Amino acid sequence: MSEFNITLIPGDGIGPEIVNGAVTVLDAVSKKYNHKFNYTEVYMGGCAIDKYGVPLPDETVEICKKSDSVLLGAVGGPKWDSVPSEKRPEKGLLGIRKALGLYSNLRPSILKPQLKDASPLKDEKLENGLDVMVVRELTGGIYFGERKKADDGSWASDEEKYSVEEIQRIGKIAFETAMLRNKRVVSVDKANVLESSRLWRKTMTELSQQYPEVELTHMYVDNAAMQLAINPAQFDVIVTSNIFGDILSDLSSAIAGSIGMLPSASLGATKCGMYEPIHGSAPDIAGQDIANPIATIVSAAMMLEMSFGLSEEAKAINNAVDKVLDMNYRTADIMSDGMTKVGCKKMAELIAENI
Ligand code: IPM
Ligand code: MG
């Protein structure tokens with residue numbers, strides 16, 4: 001038996017429902033495989049603003065740091081749109097990524113055959129499928145650069161800055177990820193315009209010398225967006241900056257059918273990672289038991305595999321998800337003709353039953 005301490009950050013909107021769903025599935029895993037998962041729930045985002053006046057209380061950071069990994073739902077919502085920028089719920093998310101040193105964000109998009117109809121692309125564009133891993137730099141770039149604004153409100157600026165070291169360490173993750181996959185890396189930048197992108201491209205090119213088996217190509221971000229839409233199968237691993245990765249991962253997830261399906265892992269120098277669905281808090285459907293818990297459930301599977309080394313257990317979760325989809329159960333976001341519609345809680349229970 002192994003024992004793991006998991007910090008849960010349910011957050012806002014649909015966050016609590018989908019995290020509950022993931023816990024239902026984790027409990028089924030611990031029962032079947034005889035592990036012990038200890039959960040500690042903490043506040044972050046809008047709910048932390050309401051309770052403590054700040055989006056990321058110190059206590060939350062401390063508890064996350066001490067745990068074996070963190071499972072996050074989502075943060076934010078219109079309720080906190082008017083709070084000052086330094087206190088927005090999203091600040092909490094950026095703060096915890098930085099505090100835990102989670103510089104690498106892995107966002108896989110896989111088109112499941114069961115969900116082909118849910119993809120907005122025509123069948124002919126999906127003939128060769130979609131299986132891409134977006135490796136997004138997560139603690140640098142414009143998200144963390146210097147912000148300025150004029151006192152009179154007449155201008156504002158955000159700085160995009162990358163050091164060689166920051167580019168190298170995310171590059172390494174991308175090349176190593178590619179070695180375990182199809183050995184192709186596309187590095188996405190805007191080197192025809194941005195100085196930081198020229199450094200990015202040069203550094204990736206130099207680094208690629210250490211990975212002779214991996215084919216590295218470069219693509220401008222505008223072209224990459226177009227290529228994803230017209231020929232998504234050409235990609236294996238995409239490595240890119242914080243902001244480009246934010247944008248391209250939403251695009252690749254939409255192509256895979258629904259943003260409600262896709263997980264992510266944020267990792268740093270230690271085994272303690274943070275795992276979260278790539279979608280947001282969806283306040284418009286919160287509390288109605290209609291959200292799709294699958295992205296959070298498969299994020300928990302990534303946690304088992306990448307932070308706890310429990311590959312078999314992770315596979316059991318992914319297989320259970322496939323089985324439930326094969327049984328034609330769907331949440332509202334992936335519903336199509338002839339399928340059985342279920343709510344968030346029921347979907348999680350079905351997956352747990354199939355572990
Ligand atoms: C994401 C989200 C966040 C980001 C927001 C909520 C700050 O869009 O995780 O992709 O931009 O990183
Ligand atoms: Mg995003």
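Just so it is clear, the structure is predicted and the values come from calculations on it, not from any experiment. Both counts, for ligands and for their atoms, begin at 1 and track the order of listing. Sequence positions, counted from 1, serve as the residue numbers for this chain. Because only heavy atoms are used, hydrogens play no part in the values below, and waters and symmetry mates are left out as well, while side chains stay in.
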Self-check item: K98 to F144 six-membered ring, cation-pi geometry met (6.0 Å, 45°)
Solution: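 Output yes; distance and angle both within limits.
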Self-check item: Test: R181 cationic atom under 6.0 Å from F175 six-membered ring centre, within 45° of axis
Solution: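 R181 over F175 ring: no.
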Considering only non-hydrogen protein atoms, determine which one is nearest to [atom] and report residue, atom name and distance to 0.1 Å.
atom                    : result
atom 11 (O) of ligand 1 : Y143 OH, 2.6 Å
atom 1 (C) of ligand 1  : R107 NH2, 3.4 Å
atom 2 (C) of ligand 1  : D246 OD1, 4.0 Å

Exercise. Taking both backbone and side-chain atoms into account, decide whether D246 has an N/O/S atom under 2.8 Å from the Mg ion (ligand 2).
Key: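 Here the distance criterion (N, O or S atom, under 2.8 Å) is met by D246, so yes.
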Quiz item: Do D12 side-chain atoms and C47 backbone N/O form a donor-acceptor pair below 3.5 Å?
Solution: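 Checking the backbone N and O of C47 against the side chain of D12, a donor-acceptor pair under 3.5 Å is found.
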Practice problem: Please name the residue in the list I18, I9, L8, T7 that meets the side-chain contact (heavy atoms from CB on, under 4.5 Å) test with L71. | Solution: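 Testing each of I18, I9, L8, T7 against L71, the sole residue satisfying side-chain contact (heavy atoms from CB on, under 4.5 Å) is L8.
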Exercise. Identify, by atom number and element, the atoms of ligand 1 in contact range of R97, meaning under 4.0 Å from any of its heavy atoms.
Key: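 Selected atoms, number and element: 1 (C), 4 (C), 9 (O), 12 (O).
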Quiz item: More than 12 foreign heavy atoms under 6.0 Å from CD of E165: is that the case here?
Solution: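 Incorrect, the count does not exceed 12.
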Practice problem: Between R136, E90, K91, flag the one that comes closest to atom 7 (C) of ligand 1 by a heavy atom. | Solution: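 That would be E90.
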